[in-house]
K.L.:
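If you scroll down you'll find the structure; I have some questions about it.
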Amino acid sequence: MTTDTLNRAERSRSLFRFAAPQVFYPIAGRLAPWFAGIAAVLTVVGLYIGFFVAPTDFQQGEVYRVIFIHVPAAWMSMLIYLVMAFWAAVGLVMNTRLSFMMSQALAPTGAMFCFVALWTGALWGKPTWGTYWVWDARLTSQLLLLFLYLGFIALTRAIEDSRRADRAGAIIALVGAINVPIIYFSVQWWNTLHQGASVSLTKAPSMATTMLSGMLIMALAAWAYTFAVAFWRVRSLILERERHTDWVGAELEAEAKRQ
Amino acid sequence: MKPRSKRLILLGSAVALLVGAVALVLTAFQQNLVFFHTPTEVAAGKAPVERVFRIGGLVEEGSIARNDDGYTVRFAITDTAQVIPVTYRGSLPSMFQEGKGAVVQGKLTSDGLFVATEVLAKHDENYMPVEAQYALDKAHQANQTVQY
Amino acid sequence: MMEWESWSAFWDMGGNAWFVWGSYSITAMLIVLELVLVLRRRKETVLRLLRLRRAAPYATGGQRMNEEMF
C-alpha cells in the first residue's frame with residue numbers, strides 16, 4: 001500500500017506546487033513567447049486560408065469573411081469568462097492566491113475579444129441583415145458580457161486590499177458565468193435575428209470545409225494568443241503581489257542586471 | 001488625483017456598470033425575449049394589437065411586387081402554415097429575397113395587412129461556395145422531375 | 001491569387017470594403033494595443049518595484065510571506 005499512496009501523495013503535491021506563484025512565474029515567462037509565436041503562425045495560415053483559399057459564399061458574397069475573426073472572438077469571449085469563473089471558484093475554495101491572479105490576468109483579454117465580437121458583428125450585420133444593431137437575445141446578452149468584464153476589471157482594481165478585491169471579483173465572475181450559457185443557447189431558446197450555430201458538438205458543421213478550417217485555425221490562434229497575453233500579464237501581477245518576498249527581490253535584481 | 005478619489009471613481013463606475021447591466025437585462029429582455037412573432041402566432045391573435053411589433057418568417061415565393069410609385073413594396077411573410085401580407089416603403093437590405101428569411105417591424109391594421117416601417121433580412125447558418133449551391137439546386141430540380 | 005481577379009478586387013471585397021476591413025483593422029489595432037500595454041506594464045512594474053526596494057531594502061518581511069506560499 002505504502003509506495004503507491006506515497007507516490008500519489010507526492011504527485012498531487014507536485015501538481016499543487018504549480019499553484020505557488022514563485023514556481024509558476026518562470027514557467028509562464030518561458031511559455032508565453034512560444035504561445036505568441038504559435039498564435040502569429042496560426043494567424044498567418046488562418047488568414048491566408050480565409051482570404052485566398054476559402055471561396056465566395058453563395059448567399060453573402062465576400063462579406064462573410066468577417067467570420068474568421070467574429071466567431072473565434074465570440075467563442076473566446078465566452079470561454080475566457082468561464083475560465084475566469086473556474087479560477088475564481090478554485091481560489092475561493094482552495095484559497096490559492098495564484099488562481100485569483102490568473103482570473104484577473106484573463107479579464108482584459110476577454111473584454112477585448114468580447115468587444116471585437118460585438119464590433120465585427122455590427123459591421124457584418126449592416127450589409128447582411130440591414131442593421132448594425134438589434135436588441136435580440138443574442139446581441140443583448142453578448143453586450144451584457146462586455147459589461148460584466150468591465151465591471152469585474154473596475155471592481156478588482158478599485159479595491160485596494162487585494163484579498164477583498166479577489167473575493168469581490170470572484171463573486172462577479174461566478175454570478176456572471178450564468179450569462180455564458182444564455183448567450184450560447186439564446187439562438188435556440190428564443191426567436192432572434194442572429195442565426196443558429198454553424199458549428200456545434202451535436203451536429204455536422206453547415207460550412208464548406210475550407211471556410212470551416214480557416215475559422216478553426218483562427219480560433220486556435222485566439223487560444224494561443226490568450227495564453228501568451230495572460231501569462232505575460234500574470235507575471236506582472238505576481239511581481240506586484242509578491243513584492244515583499246525574497247524571491248521577487250532576487251528576480252528584480254536579476255532583471256535590473258539584464259537591462 | 002488622490003488614490004482615494006480614484007478608487008471611489010472606479011468603484012462608482014463598477015457599481016454603475018453592474019446596475020446598468022441588470023437594468024439592461026430586465027428591460028431589454030422583458031420586451032425582446034420575443035424578438036419576433038411567427039405568422040401562425042399573429043394569425044392566432046397572440047401578437048400585440050395597435051402596437052409596434054415584429055414578424056419573422058420566409059418571404060413567400062413570387063409574392064414581391066412593387067407599386068407604381070416604385071417605392072412601395074408588397075410581399076408576404078410565411079412560416080409555411082400562415083401567410084401575412086406586408087407593405088413597406090423604403091429601401092430593402094440586399095439579402096432580402098423571395099424564399100429567404102426576413103424580420104419585419106411595424107403595425108397590423110384591422111384588415112390583417114402588416115404595415116412595416118423596417119425590414120431586416122435573416123439569413124441561415126449555412127456557408128458554402130456558389131458552385132455548391134448551384135449543384136444543390138440542380139440536384140433538387142432533377143429530384144423533382146423524377147418525382148413527377 | 002486563386003480567389004481574386006486582381007488586388008483591387010481583393011481590397012474591394014465585393015463592395016463590402018468598409019465592413020470587412022473595418023472589422024479586421026480595428027481587431028488588429030486592439031491586439032497590438034493590448035500587447036503594447038501588457039509589455040509596457042511589465043517593464044513599468046519591474047522599474048517601480050526596483051525603485052521601492054532600493055528606497056527601503058530592509059522593509060521586505062520576505063520570510064513571513066514565503067512561508068504562506070499559497
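Residue numbers start from 1 in every chain, and the chains themselves are labelled A, B, ... in the order their sequence lines are given, proteins ahead of strands. In this text, all values refer to a predicted model and were calculated from it rather than measured experimentally.
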K.L.:
Do you know which of A:Glu255, A:Met112, A:Arg65 has the most heavy-atom pairs with chain C at a distance under 4.5 angstrom?
P.N.:
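Option with the top pair count is A:Arg65.
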
K.L.:
If I measure from the heavy atoms of chain C, does A:Phe51 come under 4.5 Å with its side chain, its backbone, both, or neither?
P.N.:
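For A:Phe51, the contact with chain C is made by backbone and side chain together.
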
K.L.:
How long is the span from the CZ atom in A:Phe52 to the CH2 atom in C:Trp4, to the nearest 0.5 Å?
P.N.:
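Result: 8.0 Å between the selected atoms.
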
K.L.:
Counting only heavy atoms closer than 4.5 Å, note whether C:Leu37 contacts chain A via side chain, backbone, both or neither.
P.N.:
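Neither; nothing under 4.5 Å.
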
K.L.:
What distance do C:Phe10 atom CZ and A:Glu62 atom CD have between them, rounded to the nearest 0.5 Å?
P.N.:
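Here the rounded value is 10.0 Å.
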
K.L.:
With side chains defined as the heavy atoms from C-beta onward, is the minimum distance between C:Ile26 and A:Val116 less than 4.5 Å?
P.N.:
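No; the side chains remain at least 4.5 Å from each other.
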
K.L.:
For a 4.5 angstrom cut-off between non-hydrogen side-chain atoms, does C:Arg42 reach A:Leu239?
P.N.:
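In contact.
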
K.L.:
About how many Å separate CG of C:Leu50 and CZ of A:Arg243, when rounded to the nearest 0.5 Å?
P.N.:
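Between A:Arg243 CZ and C:Leu50 CG, I get 13.5 Å after rounding to 0.5 Å.
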
K.L.:
Looking at A:Phe227, I'd like to know if its CZ atom is crowded, meaning that more than 12 non-hydrogen atoms belonging to other residues, nucleotides or ligands lie closer than 6.0 Å.
P.N.:
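12 or below, so no.
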
K.L.:
State whether C:Arg41 and A:Glu240 are salt-bridged, where the test is any N-O pair (Lys NZ or Arg NE/NH1/NH2 against Asp/Glu carboxylate O) under 4.0 Å.
P.N.:
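Salt bridge absent between C:Arg41 and A:Glu240.
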
K.L.:
Counting heavy-atom pairs closer than 4.5 Å to chain C, which one of A:Phe113, A:Tyr64, A:Phe68 comes out on top?
P.N.:
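The option with the most such pairs is A:Phe68.
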
K.L.:
Would you mind checking which part of A:Phe231 comes under 4.5 Å of any heavy atom in chain C, side chain (CB onward), backbone (N, CA, C, O), both or neither?
P.N.:
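The answer is neither part of A:Phe231.
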
K.L.:
For C:Trp18, is it the side chain, the backbone, both, or neither that has a heavy atom closer than 4.5 Å to a heavy atom of chain A?
P.N.:
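Answer is both: backbone and side chain atoms of C:Trp18 are under 4.5 Å from chain A.
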
K.L.:
Looking at C:Trp21, I'd like to know if its CH2 atom is crowded, meaning that more than 12 non-hydrogen atoms belonging to other residues, nucleotides or ligands lie closer than 6.0 Å.
P.N.:
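More than 12 within 6.0 Å, yes.
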
K.L.:
Say you draw a straight line from NZ of A:Lys126 to CG of C:Asn16; how long is it, rounded to the nearest 0.5 Å?
P.N.:
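Separation between the atoms: 12.5 Å.
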
K.L.:
Does any heavy atom of chain C fall under 4.5 Å from the side chain of A:Ala122, the backbone, both, or neither of them?
P.N.:
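No part of it gets close to chain C.
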
K.L.:
Could you pull out the closest heavy-atom pair between A:Trp119 and C:Ser23, with the gap in Å?
P.N.:
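Scanning both residues, the minimum pair turns out to be NE1-CA, 4.0 Å.
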
K.L.:
Using non-hydrogen atoms and a 4.5 Å limit, figure out which bit of C:Leu39 sits close to chain A: side chain, backbone, both or neither.
P.N.:
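Side chain of C:Leu39 only, per the 4.5 Å heavy-atom cut-off to chain A.
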
K.L.:
Checking A:Thr109 against chain C: side chain, backbone, both or neither under 4.5 Å from a heavy atom?
P.N.:
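Its backbone and side chain both get close to chain C.
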
K.L.:
Can you check whether A:Leu252 reaches C:Arg53 side chain to side chain, under 4.5 Å on heavy atoms?
P.N.:
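Touching, per the 4.5 Å side-chain cut-off.
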
K.L.:
Could you tell me whether the side chain of C:Leu35 reaches within less than 4.5 Å of the side chain of A:Trp232, counting heavy atoms only?
P.N.:
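Side-chain contact under 4.5 Å: yes.
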
K.L.:
Could you go through the side-chain contact (heavy atoms from CB on, under 4.5 Å) check for C:Glu34 and A:Val229 one step at a time?
P.N.:
CA-CA 8 Å; C:Glu34 186 180 24; A:Val229 178; 3.6 Å; yes

K.L.:
Evaluate whether atom CZ of C:Arg48 has more than 12 neighbouring non-hydrogen atoms of other residues, nucleotides or ligands under 6.0 angstrom away.
P.N.:
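Yes, enclosed.
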
K.L.:
Does this structure show an ion pair linking A:Glu253 with C:Arg54, if we count only N-O contacts that are shorter than 4.0 Å?
P.N.:
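Salt bridge present between A:Glu253 and C:Arg54.
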
K.L.:
Relative to chain C, which of A:Leu237, A:Thr43, A:Val66, A:Leu47 shows the most heavy atom pairs under 4.5 Å?
P.N.:
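Looking at each of A:Leu237, A:Thr43, A:Val66, A:Leu47 in turn, A:Val66 comes out on top.
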
